[in-house]
Amino acid sequence: MSIQTPKGTRDILPSEIHLWHFVESKVQEIFEVFGYHEIRTPIFEHTELFVRGVGDTTDIVEKEMYTFADKGGRSLSLRPEGTASIVRACIQNRLLDTLPVLKLYYTGQMFRYERPQAGRYREFWQAGVEAFGSANPLLDAEVIDLAYELLADLGLKQLSVQINSLGDDACRPAYTRKLLEYIERHLDDLCGKCVGRYERNPLRVLDCKEAECRTIMVDAPKSLDHLCEDCQQHFEQVQHFLNDLEVDYAVNPYVVRGLDYYTRTAFAVVASGLGAQDEVLGGGRYDKLVESLGGKPTPGVGFAFGLDRLILALEAQGVDLLEPHPCDVYIAAIGTEAEKVALKLSHTLRQQRIKTDMEFAGRSLRAQMKTANKIHARYTILLGDNELARNTVVLRNMQSGDQSEISQMELMETLLEKLNCCSSP
RNA sequence: GUGAGUGUAGCUCAGCUUGGUAGAGCGCUUGACUGUGGAUCAAGUGGUCGUGGGUUCAAAUCCCAUCACUCACCCCA
């Protein structure tokens, strides 16, 4: 067996690349319409950044990071998510002082050492936005609106936007104590996994999928009911603004983000057709993250979504994406003399940015026509001894089957006219 | 890290129960049609049966190990 891609990685093949181009260009367009600027950060960082930024008790940091020592003995890690790096870049380059609200977006590969399954890879693509500098619920609403607009514009149907509030330093500790007390009373009836969660991150007992646990947790205290005055007001305003924007959302007290840095607003978008991993986008507010990484206190809000999952969902939902026409003209040449002319001819056509390809294998005309058909060439130029003797070519429309012999002199003009008059099928 | 399923031609898969010379469809090449694709027909091309070991006169088939992939748990995008 020859060498394969490492577990959890894969090739994105020419036959599917148009989906990626479509999504990437749409992402760039919508993000920029909302005022975001692209930033690119390294694919590996000092391990310490993720330990402090993402949280040292999270699964991501505890067991999913690709961590290694470089030749200088530094501990480095492939990035498992985007936000920590963006915050680091903002602090390092003093970007936070440049604008009252700084809006950044990014796209790129992330790495997590997990067992792969449908919609989950060890190397996966994420795109996301981060907006720094304002705690205003207007900004939360705008970010959620952006997420919704983006996914809807890409053609995703059956989207479910779910929002929650996790509270802040003022109310979260008291709430967590109440939750712990409640769980403690029901510890014997919860599944074994939840007993573990109780010790490490009690919030996550709330989104256990075991029927037994769900029943018990229905009556558990929710963060929503224990918000302090400020958080309560903030969350109400976020909802108010979302209503104004006509974003279709639902309040879901079970939306609990897996990363430590979230405060107040948390949200997720779930799409159909993805199997078990159906959360396509997740985000929220992180008002303490910047200072915890050594910057001046700066509120932030953002989200990230998985491009792999998004594309899976688009395919599963049968979203029809036109494949751009890969070939305008295929030159079928019969004989070595004709091949020489074909090479020069293709050179000239390409200078006019006509997508041109030709035969290189010296096969029969029939075989060449088959290839022209297979690659969906719009026109075929036939070039053989007859045409060479007369300085002509035969130009064939591959859709209608009409063809005519024209002089090589008028070929370019005719072709440009035909290609421009009707757009690609 | 845990559990289940699957590895046979470039692709999709049959054959395995009950061991006996490696199969089909699609693709590709060629021809019918000596210079015309999308249809049909024919021929041809193509496989260390994931890998290693064991049982046997004989293993794709039975046994053991191992690797890979897939799905699910966990967790998340």
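We use all heavy atoms of the structure for the numbers below, so side chains are in, but hydrogens, waters and symmetry mates are not. From a predicted model like this one, the values you see are computed outputs, not experimental measurements. Below, chain A is the first sequence line, B the second, and so on; all start at residue 1.
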Answer yes or no: does a side-chain N or O of Lys63(A) lie under 4.0 Å from OP1 or OP2 of C75(B)? no
With a 4.0 Å cut-off on N to O distance, would you call Asp308(A) and Arg10(A) a salt bridge? yes
Between G35(B) and A42(B), how far apart are the P atoms? Round to whole Å, please. 23 Å
Using the ring of each side chain (for Trp, its six-membered ring), is Tyr261(A) parallel, tilted or perpendicular to Tyr286(A), with breaks at 30° and 60°? perpendicular
Report which part of the nucleic acid Glu114(A) touches: base, sugar-phosphate, or nothing (heavy-atom distance under 4.0 Å, all strands). base
Atom pairs, N/O to N/O, protein against nucleotides 39-41 of chain B, distance under 3.5 Å?
none

May I ask you to verify if any side-chain N or O of Gln117(A) is less than 4.0 angstrom from the OP1 or OP2 atom of C73(B)? yes
For the pair made of CZ in Arg396(A) and C1' in G37(B), what is the distance, rounded to whole Å? 7 Å
So what does Ala372(A) hit on the nucleic acid, given a heavy-atom distance under 4.0 Å: a base, only sugar-phosphate, or nothing? nothing
Counting just side-chain N and O atoms, does Lys374(A) come under 4.0 Å of either OP1 or OP2 of C28(B)? yes
With both distances under 3.5 angstrom, what nucleotide forms a Watson-Crick or G-U wobble pair with U2(B)? A72(B)
Between G35(B), C73(B), A77(B), which one does the side chain of Ile334(A) approach most closely? G35(B)
Taking the six-membered ring for Trp, are His18(A) and Phe22(A) closer than 6.0 Å centroid to centroid? no
Would you mind classifying the nucleic acid contact of Asp308(A) as base, sugar-phosphate or nothing, using non-hydrogen atoms under 4.0 angstrom? nothing
Answer yes or no for this row: Phe124(A) ring on A77(B) base, centroids under 5.5 Å, planes under 30°. yes
I'd like to check Arg79(A) versus Thr41(A) (side-chain heavy atoms, cut-off strictly below 4.5 Å). Are they in contact? yes
Any Lys/Arg nitrogen of Lys178(A) or Glu181(A) sitting under 4.0 Å from an Asp/Glu carboxylate oxygen of the other? no
So, for Tyr105(A) and Phe31(A), is the gap between ring centers shorter than 6.0 Å? yes
5' priority, RNA chain B, between Gln126(A) and Gln403(A) [closest heavy atom]: Gln403(A)
Ignoring hydrogens and angles, answer whether the base of C75(B) and the side-chain atoms of Gln277(A) contain a donor-acceptor pair closer than 3.5 Å. yes
Categorize Gly128(A) for me: base, sugar-phosphate, or nothing, with a 4.0 angstrom heavy-atom threshold over every strand shown. nothing
